[in-house]
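Worksheet for the structure shown next.
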Amino acid sequence: APGMQQLKGRWLRTDGGYMLDVRDVDASGKLEAVYRNPQPIHVARAEATRHGTALHVLVELQAPGYPGSTYTLHYEPQRDQLEGSYFQAALQQRFEVVFVRMK
């Protein structure tokens, strides 16, 4: 099972210039994260949880145009990707997304 430290790194969304930079993960699963589109957007909450062997990530954004928008992702260790959905709260729309690790 992958450890939570596997989440650290810079992740690029495959459908655009959106970047999630996970700088640290503490023992409780709290993430120190920065989100850019391409300018920084305030991350109100970022956390990782484990369900069995699976790692899940929740990122909540709070900024003009992003009031309560969230990423609900899971880590795919075989592909070294974060996969899941993005809820754009202002538009009330959900999008399937994939983030790949930037080398």
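One-based numbering along the sequence shown.
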Working to the nearest 0.5 angstrom, can you tell me the gap between [X] [atom1] and [Y] [atom2]?
X	Y	atom1	atom2	value
Arg101	Leu20	CZ	CG	11.0 Å
Met102	Arg10	CE	CZ	4.0 Å
Glu76	Gln81	CD	CD	8.0 Å
Thr53	Tyr75	OG1	OH	12.5 Å
Tyr66	Phe87	OH	CZ	14.5 Å
Ser69	Gln92	OG	CD	9.0 Å

Could you tell me whether the side chain of [Y] reaches within less than 4.5 Å of the side chain of [X], counting heavy atoms only?
X	Y	answer
Gln88	Phe95	yes
Tyr86	Arg13	yes
Glu60	Tyr71	no
Leu7	Leu55	yes
Arg45	Val59	no
Val100	Thr14	yes
Asp24	Leu31	no

Count I, L, V, M, F, W, Y as connected when their side-chain heavy atoms are under 4.5 Å apart, and connections chain through other members. Are Leu82 and Ile41 then in the same cluster?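 Result: yes, single cluster for both.
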
Kindly give the heavy-atom pair with the smallest separation between [X] and [Y], and that separation in Å.
X	Y	value
Ala46	Ala33	CB-CB, 4.0 Å
Gln62	Ala44	CG-CB, 3.4 Å
Glu96	Ser85	OE2-CB, 3.8 Å

Using the six-membered ring wherever Trp is involved, compare the ring planes of Tyr18 and Tyr35 and label them parallel, tilted or perpendicular (cut-offs 30° and 60°). parallel

Parallel, tilted or perpendicular: which fits the ring planes of His56 and His74, with parallel below 30° and perpendicular above 60°? tilted

Check the pair Val57 / Glu47 against side-chain contact (heavy atoms from CB on, under 4.5 Å), numbers first and verdict last. CA-CA 6 Å; Val57 174; Glu47 61 190 29; over 6 Å; no

Could you walk me through whether Leu73 and Phe99 pass the side-chain contact (heavy atoms from CB on, under 4.5 Å) check? CA-CA 9 Å; Leu73 307 166; Phe99 285 85; 4.1 Å; yes

With no hydrogens and no angle check, is any side-chain donor or acceptor of Asp26 less than 3.5 Å from a backbone partner on Ser28? yes

